[in-house]
Number of protein chains: 2
Amino acid sequence: MTGKSPAAETLCPVARTEAVVGDRWTVLILRELFMGGHRFEEIQAQTGATPQMIAARLKTLEADGLVERRVYNKRPLRHEYHLTEKGEAFHPVLLALRAWGEMWCKSPDEGVAVHYTHRPCGQPAGVGTVCESCGHPLRRADLVAEPSPAYRAEREARWEAFKGVR
Amino acid sequence: MTGKSPAAETLCPVARTEAVVGDRWTVLILRELFMGGHRFEEIQAQTGATPQMIAARLKTLEADGLVERRVYNKRPLRHEYHLTEKGEAFHPVLLALRAWGEMWCKSPDEGVAVHYTHRPCGQPAGVGTVCESCGHPLRRADLVAEPSPAYRAEREARWEAFKGVR
DNA sequence: ACACTACCTATGAAAATCATAGTGTCAAGT
DNA sequence: ACTTGACACTATGATTTTCATAGGTAGTGT
């Protein structure tokens, strides 16, 4: 972590949370896990962090119980990183970060990075934390994600660039 | 910022948001502003950050349009820091951080730091991002905050300790 | 034997952060 | 006039983190 001791000694839940995830890379790693990237190299390629940064963050995320390592291949031993229940519970934060980013950090000509459909009502969910069509709060299980072509291309390009450099 | 350039060059709204507020002190400063602390010293006392950290973060928050300086006293010139509309719009993120912290970073014997009443329904709002009584999404304007005695005492103690050292 | 994949570690330079102390500007008290 | 005190920072040097770059291990495929 990035200096958790002082912040953890408080009743404030925001400070406690920040003591665990108050770091750009940590949040980006969680985003990647939520997006379905579970391998070290995928995380590295899509976040742009150095291997040590990722290794260190994954270690603390595991220690803090947000992430678990799963063996997907013995010989050679290979791991995937998956969200635990505690990690999954972090989703509303990412949703709120996304909402703010889409609303306040984009020029009008840039589209939404990921389009969500709200399963219960079958309509677009919009960029807020509640469904713009039916008004219900958005839960992860109810969302069908569809990345925009531009965003998909960006991620693809990142992966190619990473493989090229390696 | 803590290195905004690489993260800002993406369509991902989460990464863009993190480029602005991806830093523990920044989030803690915003929390303090939302809690009603508007003076430099209040922020310093309640966050525990050093003056440079706060000065630097406030400067970038102002440059990014989340915070505005207001003169509350000429001779000697004194400023207060207030959230802009863009800063106020960040509230759902803090609410989500709070929810996660209350749910996953507390032992059972620790109470909730701030008790919210949901004005529209008059009932307790709980610790989630939707009202536990009526199910509606929580908006800042609808919440009446009541800090717990313990949390109030903690903040009071921090202020006293700060004044003592100064 | 040789290349290749996946997952990290190692190293040294650069940058951020920290604790601690100090400065500037004014008002108010004595 | 002179000290005290409030507020909002700024300065400094040590410590810690982060970064870029490179290397390394344990295997598979050819």
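All figures in this text were calculated on a predicted structure; none of them were measured in a lab. Chain identifiers are assigned alphabetically (A, B, ...) following the order of the sequence lines, protein sequences preceding nucleic acid strands; residue numbering begins at 1 within each chain.
What separates CD1 of Ile29(B) from C1' of dT17(C) is a distance of 14 Å, to the nearest Å. Between the C1' atom of dC7(C) and the CD1 atom of Ile43(A) lies a distance of 11 Å, rounded to the nearest Å. Taking atom CZ on Arg75(A) and atom C1' on dA6(C), their separation rounds to 15 Å, with Å as the unit. In this entry the distance linking CZ of Phe162(A) with P of dT5(C) reads 11 Å, nearest Å. Nucleotide dC19(D) holds its C1' atom 14 Å from the CG atom of Asp23(A), rounded to whole Å. Residue Arg24(B) contributes atom CZ, which lies 15 Å from atom P of dT16(D) at whole-angstrom precision.
Among pairs with a residue in residues 137-151 of chain B, those fulfilling side chain to side chain donor-acceptor pair (under 3.5 Å) read Glu88(B)-Arg140(B), Arg139(B)-Asp142(B), Glu146(B)-Arg152(B), at least two apart in sequence or across chains. Counting only residues at least two apart or in different chains, ring-ring contact (aromatic ring centres under 6.0 Å, His included) contacts with residues 45-85 of chain B comprise His38(B)-His82(B).
Cluster note: Phe162(A) groups with Trp159(A) through ILVMFWY side-chain heavy atoms spaced under 4.5 Å, whether in direct contact or through intervening members.
For Arg57(B) and dT17(C), the shortest distance from a side-chain N or O to OP1 or OP2 is below 4.0 Å. Between Trp25(A) and the phosphate of dC19(D), there is a side-chain N or O to OP1/OP2 separation shorter than 4.0 Å.
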Enumerate donor-acceptor pairs with a distance under 3.5 Å from any side-chain N or O in residues 102-109 of chain A to protein atoms, sequence neighbours excluded.
from      : atom 1 : to        : atom 2 : distance (Å)
Glu102(A) : OE1    : Lys106(A) : NZ     : 3.3
Glu102(A) : OE2    : Ala113(A) : N      : 3.0
Lys106(A) : NZ     : Gly111(A) : O      : 3.4
Lys106(A) : NZ     : Leu11(B)  : O      : 2.7
Ser107(A) : OG     : Asp109(A) : OD1    : 2.9
Ser107(A) : OG     : Glu110(A) : OE1    : 3.0

Taking distance alone, no hydrogens or angles, what donor-acceptor pairs closer than 3.5 Å link side-chain atoms of residues 117-136 of chain A to residues at least two apart or in another chain?
from      : atom 1 : to        : atom 2 : distance (Å)
Arg119(A) : NH2    : Ala141(A) : O      : 3.1
Ser133(A) : OG     : Pro124(A) : O      : 2.7

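One N or O on the side chain of Trp100(A) and one on the backbone of Lys86(B) form a donor-acceptor pair closer than 3.5 Å.
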Quiz prompt | Reading 5' to 3' through nucleotides 3-13 of chain D, protein heavy-atom contacts under 4.0 Å coded B for base, S for sugar-phosphate only, - for none | solution = ---BBSBBBB-

